[in-house]
Every structure is written in structure tokens, then in C-alpha cells.
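See structure below.
Counting convention: from 1, in listed order, for ligands and their atoms alike. Because the structure is a prediction, the values reported are computed rather than measured. Just the heavy atoms: all of them, side chains too, but no hydrogens, waters or symmetry mates, feed the values below. Positions are given from 1, in the same order as the sequence printed here.
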Amino acid sequence: MTEPWKVAKFGGNCVSTGDMYERIASVVHEDLTRKFLVVSAISGVTDTLVTILARPQEEKEIDSFVADLRRKHMDLLPKSREGATGSGGAIDGLATKLERLLYGVAYTEEITPRTRDFVLSFGERLAAQVVAANLCLFGIDAVPHEADAIGLITDDTYGNATALLDETRARLAPFLRHEAQAGRVSVITGFFGLSREGKTATFGRGGSDYSAAVVAHALELPTIEIWKDVGGFMSADPKIVPEAFPLSALSYDEAAELSYFGAKALHPRSVQPAQACGASIVLKNITRPDETGTRIGPDTVDRSGDVKSISYVRDLATLKVFATGAGQKEGLLSQVATALTSAGTNVYSAATSQTCIALLVDADALSRAKKAVSRLPFGLVERIEVLPHVSLISFVGEGVGYTHGVAARVFRAVADRGINVQLISAGASMVAYTFTVDNQDLERAVQAVHREFFGHRYPGPQAPVGARSHG
Ligand code: ASP
Ligand code: MG
């Protein structure tokens, strides 16, 4: 049995400026069970790595790009402290390696998914050095670790890897446990691990939350803290709904559905490893550490059937695939799904009828998706229609799928504002309903749903779990 240690993940905005390290240090000092810190890249760094890979680069550009990146991280190291010397050397080493990699890409004019993931991982590698060096300055015995070097094992799906939880537990846990028992705080890179074939594989954008959950799973820790510079989950996006209010608790499924359908508070995949080991995920705001934040755990299920929150994904498109006559249809859904997957298209939602399959895809993946479907064997598809400029709205709550009248209230509220609802999907999850509207109706539709359930005002602190909240 492991001690009740905690893993605390710090997002990009929490590691990007000098004053933030002081905040992290006080979080660690305040609770010495926080022995495992998972860090994201400094904000914007992964984006710049994506950009530099997006088009062929001249040597000059690579040189100045790497020099800038190196400087940015060097500037964040503590000044004139012994602790920083080792980190400075490590940052130099990383910069040199990255430069060589980028040269390789430039010369060969070729980038494999593997090389891409390796390049993208440098943001976290650099950040771990900077964070650990700064924590040492505050008297914390912090040591940077690269997740692929210490045994966080993944499958070989580069760009969207999944951690192999058993292998990871066997390899990662003994090492980290030993570090903690020796009194050290491990500063672990988020976002990637080591693939089966021994290369760096990333978990997809925003994947550091997932890394934290995987570390907790490996060590069977009861708590995963996700620290950001904003609060946790809210009843809706406050940019659209000014009266939206913070949520103190959500179930695993509610959190997963909300994140999948656009809420930015958490990476949707982080729920699975947490749930698998019964760990709670606690979302905290580093600028207001005393606020409780949002807790997601095994005991936060409120099945009252109330809608808890509304989320959305903007800029999607509906692809309608019409089948030719009967007899062909059986295979259609699976063939369309396979075609879209191999074209790398994410399908948010699908609805089928006797003659048509409607699929919701990212607007910028639309032409790719259309091409993939039109290449299906002759005779299967009769025609394809496209409905661009759609947004997906979802409303989420344990039990909404069983509660009479919830959907009716939502659609009446939306219809009362003259908004046309296009594609409705219910029942795929008993926790979430989704529907689509035209992009231009998104704001008004989200406001309508929020007002239907919560009125115009903040209803006060959320009722304790188990008790019914506002009706
Ligand atoms: N740095 C990575 C990204 O920007 C991972 C993360 O931030 O969680 O996607
Ligand atoms: Mg990031």
C-alpha cells in the first residue's frame, strides 16, 4: 500500500512566469503529501513547436527558433543559484537535441508521426527543468524527470497514445515511490510517455491532465489535483453566460461528457484512469488556492436528474450520407466510420435513419471527411449533403436521460427564441443530451438553456451532493 501522497498537475499558465513558481512552492509547502508534480509546457511553447513543424524551415529559421526557446527558458531559471547550473546545462542539452531534430526534418523534408511527437515533447522537457530549479530555490528538494525515461508506458498510437496502465504501474511506481520515500518531490513531464517500441508518444493536445491521472493510477493515489490559473467546472461558459456559477462536484461521467463536448476545464481522457482506481480529481485555481474548486470522484454522483452544466463545441459541420437502396445499409455505418477514422476525422456524434447517416465532424476536417466517404465502394452511397457552420450544445447531468421532461424543457426554451434545432442525440449516454444549432444561434441557445434551468441569477453555493438542488 502506498502512502496517501498526491499528484498535482500544473498547467501551462501556472509554470510560465516567475511569480507562479512561488505559488507552486507554497502549494507544495502547505501539504507535504504533494510529492508528484506533473507539468505542462510553458504556455504557447507547444503551439510554436506545432507551427515550426507545419512547413519546411530554413536552417536560419531553425537556429533563431531554438535560440529563442532556449533563452525563454534560461530567463526563467533562478538567478545566481547553484541549483540553476545543472538546469542550465540540461536546457542547453535539450536545445541542441531539438535543433538537430529540426535540421533532420528540414533536410529530409519528411516528418513521421514519431519524430513529430518527439519534437512536441520538448516543451514539457524544458518546463520540468525550469520548475524543478525554481522549487529548489524555495527549499524544496525537487528533481525533474522525463516521463518516457522513468517508465510511463504507452501504446504506439503517436499523436493520440493511450497509457498502458499495468505496464506503467510495474515500471513507474517503484521508481516514484522510492523518490517520495527519500523525501524528494518529483517534477514529471506531462503530455507523453514511452511507446511499446521505445519511442516518445504524446497523448494529444492538452494531454498533461491525462498524464497526472496515469501517475495516480500507477501509485494508487486517492487524489489528483489539476491546478490552473482559472477556476474549475462551471454551469456554463461565463463568456457566453455571465451568470454562470462554479460547480463544486461532478460525477466521473458528467466530467467526461462535459469535457468531451467542449468544456475546457479538464482533458476528457483523464477521467478513465482516475475512475479505474477510484481517485478523485480536484480542479484548483492557483490564484485562489483556498477555494474548494470542483471535485470529481467515486462519491460525487448526484442522480437527481438535474442539469448540472451546459457545454458546446463551435465550428462543426454535419455530413449527411444517403444510402442507396435496401440491402446495402447494414454495412454502411461501419464502412463510413472506418473511412472517417482512417482519414483521421473525429466524429462527435452520429445519428442514423433508414436512409441516411448524419455525422458531426470538425468544420476544418469536412473536405477530408467528404473525400473519404466519396471513395467508398461504388453503389454504397447515393449522395452526400453537407450542413456547414453548426455548433453542438450538450447539457449534462446524472440521470437526465431518465428524467421526464428535461429534454422537452430545453427544446421549448430554445424554440421560444426562434432557434432551429437540427440534430438531436440522446441516449448514447444517459448523462448527456446533445443537439446542434447554426453557429450564429449558439450564444442565444446556450443562454436559453441556462436560463431555463438556473434563472438569471447565481443560485448560491451548490447544494451538497445527494441533496436536490434548485429545480
Ligand atoms: N503542452 C501540451 C499542449 O499544449 C500538453 C498540455 O498542455 O497539457 O497540448
Ligand atoms: Mg500547453
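For ligand 1 and Arg205, the ligand atoms under 4.0 Å from any heavy atom of the residue are 3 (C), 4 (O), 9 (O). Interface atoms of ligand 1 facing Glu124, defined by a heavy-atom separation under 4.0 Å, are 1 (N), 2 (C), 5 (C), 6 (C).
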For this session: I would like to know whether Ser16 and Met20 meet side-chain contact (heavy atoms from CB on, under 4.5 Å); could you show each step before the answer?
Result: CA-CA 7 Å; Ser16 299; Met20 285 295 181; over 6 Å; no
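Ligand 1 has no atom lying under 4.0 Å from any heavy atom of Gly123. Distances shorter than 4.0 angstrom do not occur between any heavy atom of Gly190 and any atom of ligand 1.
Taking distance alone, with nitrogen or oxygen atoms compared against 3.5 Å, Gly204 stays at or beyond that limit from ligand 1. The distance criterion of under 3.5 Å between nitrogen or oxygen atoms is not met by Lys9 with respect to ligand 1.
Tyr210 and His267 have tilted rings, their planes meeting at an angle from 30° to 60° on a 0 to 90° scale. Trp5 and Phe36 have perpendicular rings, their planes meeting at more than 60° on a 0 to 90° scale where under 30° would count as parallel.
Of the heavy atoms in Ser40, only side-chain atoms (C-beta onward) come closer than 4.0 Å to ligand 1.
Residues passing the side-chain hydrogen bond (donor to acceptor under 3.5 Å, both in side chains) test with Asp47, sequence neighbours excluded: Arg205.
Using a cutoff of 4.0 Å between basic side-chain nitrogens and carboxylate oxygens, Glu167 and Arg196 are scored as salt-bridged.
Sorted by first then second residue, the salt bridge (charged side-chain N to carboxylate O under 4.0 Å, His left out) pairs that include residues 283-298, not counting sequence neighbours, are Arg288-Glu291, Arg295-Asp299.
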